[in-house]
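Read the numbers this way: they start at 1 and go in the same order the structure lists the ligands and their atoms. Just so it is clear, the structure is predicted and the values come from calculations on it, not from any experiment. FYI, side chains are in, hydrogens and waters are out, and symmetry mates aren't considered; it's all heavy atoms of this structure.
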Amino acid sequence: MAVVFKSVVLAAIFVVSSFACVERSSRRETAEWRELFLGKCLLYKQDYGPKILCNSTIDCSDLWSKVKLAVEYQPKCNFSNSAYEDFVTASQHFVPENKFLFWEGVYPFVMWYSNSGNKYYTISDTLTGYLFDNIEWCGNSSEHDGIEKYPSTCPGYELGPDCQKSAQSVFWKTASLFYARHAYGDVHVMLNASISPAFPTDSYFGNYELPNINGTKVKKATILMVHHLDDPVLETCSSESIKNLQAHFTEKDISPSCIDNPRDVQMLMCSENSSNSNCRIPSGANRSMMTPYFIFQILCIKLLNIFV
Ligand SMILES: *[C@@H]1O[C@H](CO)[C@@H](O)[C@H](O)[C@H]1NC(C)=O
Ligand SMILES: *[C@@H]1O[C@H](CO)[C@@H](O)[C@H](O)[C@H]1NC(C)=O
Ligand SMILES: *[C@@H]1O[C@H](CO)[C@@H](O)[C@H](O)[C@H]1NC(C)=O
Ligand SMILES: *[C@@H]1O[C@H](CO)[C@@H](O)[C@H](O)[C@H]1NC(C)=O
Ligand SMILES: *[C@@H]1O[C@H](CO)[C@@H](O)[C@H](O)[C@H]1NC(C)=O
Ligand SMILES: *[C@@H]1O[C@H](CO)[C@@H](O)[C@H](O)[C@H]1NC(C)=O
Ligand SMILES: *[C@@H]1O[C@H](CO)[C@@H](O)[C@H](O)[C@H]1NC(C)=O
């Protein structure tokens, strides 16, 4: 009884304290969202701009106007399919060849891996996605400016049967479509090997990106099967869902390949947990072999080879 009581109290404290945190920031004036949007836009120009925006004229205030116009007074679950097209078109910019990285089920790891465009550009490393990453929003027709002031009450981005067209899901759908159409060169797809199926056909990648990847512009697609060090491996390159994905690429005349547990991914994981058993550096034997005497021996053999 005491134990039950204690855990109920603990649960109550947890709920109250986490609720308190949500509560504090739950009201968001439209002016505040606007500042956040403009701030992110300027930050993007500064951080990513020198590499990719030289040829673009991005007008952050204009982008905000387009977003505001798209969202205001829109219904919660019957958002207009075409509302974001102006914004997405205006926010598109150059992405270097071979740098497109599609993914499903691996956020936030994929954002760490892409390294702000230094390695790859996920959709959230493009300005279009960056401005909305980790943000909630929707319209509300009974507000004076048509924007919901309690974004945590918005339906979110999950593709559910009960609310198929929310402000957020229509946004990510439109952005995914444009991102996929834009892709060229060799592309990569990162999937979660701890989820079965690792390639879910009913997903942003399956529904909106894969069908829009253009086989004339994309020649090769490399699938990366990744998992956290201690997570189970439920799918590999030879699983049905991955064969299915490879077949979709082949159909488009894109040559597919697949890597289980890519080495650079594993090394990145290990940088967080070098004590993990998968992260042992080969024992000192190899290194201790590299003594001056050993190097001298190698040199002698090389010299002998030259003279013989
Ligand atoms: C700018 O445009 C030129 C050609 O129009 C292209 O070759 C170059 O890659 C572009 N650079 C950037 C950073 O957009
Ligand atoms: C959703 O919106 C469209 C037009 O914007 C309208 O024709 C349709 O009746 C609406 N559906 C519902 C369920 O409200
Ligand atoms: C794979 O999915 C599981 C379950 O959702 C999640 O816990 C894990 O962090 C994901 N792995 C990666 C690399 O994102
Ligand atoms: C719009 O906002 C008002 C005021 O916060 C709220 O009472 C109402 O439930 C909201 N409407 C919708 C459709 O969410
Ligand atoms: C695919 O790319 C080619 C070359 O850029 C273009 O001509 C074609 O219209 C694109 N196809 C689609 C469906 O967008
Ligand atoms: C690191 O790996 C060990 C197992 O090798 C595991 O017990 C520990 O929880 C991991 N730590 C983190 C931070 O993932
Ligand atoms: C030395 O390194 C090689 C790979 O570079 C490895 O196959 C071998 O097992 C290592 N030897 C020892 C004794 O660790």
Side-chain angles (χ1 to χ4, degrees), residues 69-85 88-89 92 94-95 97 100-115 120 122 124 138-141 146 155 158 160-167 169-170 176-185 187-200 203-205 208-219 221 223-236 239 241-242 248-249 251-254 259-273 276 278-279:
L69 195 64
V71 176
E72 59 191 11
Y73 306 109
Q74 287 269 350
K76 295 261 147 101
C77 291
N78 192 24
F79 197 96
S80 150
N81 264 328
S82 55
Y84 292 111
E85 279 173 13
V88 173
T89 306
Q92 273 209 314
F94 168 82
V95 171
E97 191 172 9
F100 285 78
L101 174 58
F102 298 90
W103 59 269
E104 196 64 55
V106 290
Y107 191 92
F109 175 74
V110 73
M111 296 307 292
W112 186 28
Y113 180 73
S114 71
N115 190 15
Y120 293 113
T122 66
S124 295
C138 59
N140 180 331
S141 52
E158 304 281 356
D162 39 331
C163 187
Q164 284 190 321
K165 292 165 67 182
S166 70
S169 67
V170 173
S176 299
L177 215 111
F178 277 67
Y179 174 79
R181 277 190 199 143
H182 187 184
Y184 64 107
V187 302
H188 287 77
V189 185
M190 183 179 280
L191 298 175
N192 190 329
S194 307
I195 297 178
S196 187
F199 164 54
S203 58
Y204 279 98
F205 174 65
Y208 309 122
E209 296 183 320
L210 183 58
N212 288 296
I213 296 176
N214 185 331
T216 314
K217 296 192 293 176
V218 174
K219 284 290 127 239
I223 302 161
L224 308 171
M225 298 294 290
V226 314
H227 65 95
H228 279 299
L229 292 171
D230 291 324
D231 281 356
V233 176
L234 303 180
E235 298 240 317
T236 65
S239 298
S241 84
I242 305 305
H248 275 97
F249 280 124
E251 242 169 61
K252 288 173 182 281
D253 208 15
I254 296 171
I259 307 172
D260 281 316
N261 195 18
R263 196 167 150 73
D264 59 345
V265 167
Q266 195 185 3
M267 287 176 120
L268 199 53
M269 302 272 189
C270 285
S271 74
E272 284 278 274
N273 191 350
N276 191 286
N278 297 298
C279 303

Find the distance between [atom1] ([X]) and [atom2] ([Y]) and round it off to the nearest 0.5 Å.
X	Y	atom1	atom2	value
Tyr204	Glu158	OH	CD	7.5 Å
Met225	Thr236	CE	OG1	6.5 Å
Glu235	Asn192	CD	CG	10.0 Å
Glu272	Phe109	CD	CZ	9.5 Å
Asn78	Ser166	CG	OG	11.0 Å
Leu210	Lys252	CG	NZ	5.5 Å

Quiz item: Heavy-atom contact under 4.0 Å between Lys217 and ligand 5?
Solution: yes

Which of the atoms of ligand 3 are close to [X], meaning less than 4.0 Å from one of its heavy atoms?
X	result
Asp231	8 (C)
Val106	14 (O)
Gly105	1 (C), 10 (C), 14 (O)
Ile195	2 (O)
His228	8 (C), 9 (O), 11 (N), 12 (C), 13 (C), 14 (O)

Verify the contact flag for [atom], where contact means a protein heavy atom under 4.0 Å away.
atom	value
atom 14 (O) of ligand 5	yes
atom 2 (O) of ligand 2	yes
atom 5 (O) of ligand 2	no

Self-check item: Whether Tyr179 and Phe102 hold their rings parallel, tilted or perpendicular, with breakpoints at 30° and 60°
Solution: perpendicular

Exercise. Could you find the nearest protein heavy atom to atom 11 (N) of ligand 5 and give me its residue, atom name and distance?
Key: Asn214 ND2, 2.8 Å

Quiz item: What protein heavy atom sits nearest atom 10 (C) of ligand 2, and how far off is it?
Solution: Asn78 ND2, 2.4 Å

Practice problem: Please report the shortest heavy-atom distance between Ile242 and Ile223, naming the atom on each side. | Solution: CG2-CD1, 4.2 Å

Quiz item: ligand 3 and Asn192, any nitrogen or oxygen pair closer than 3.5 angstrom?
Solution: yes

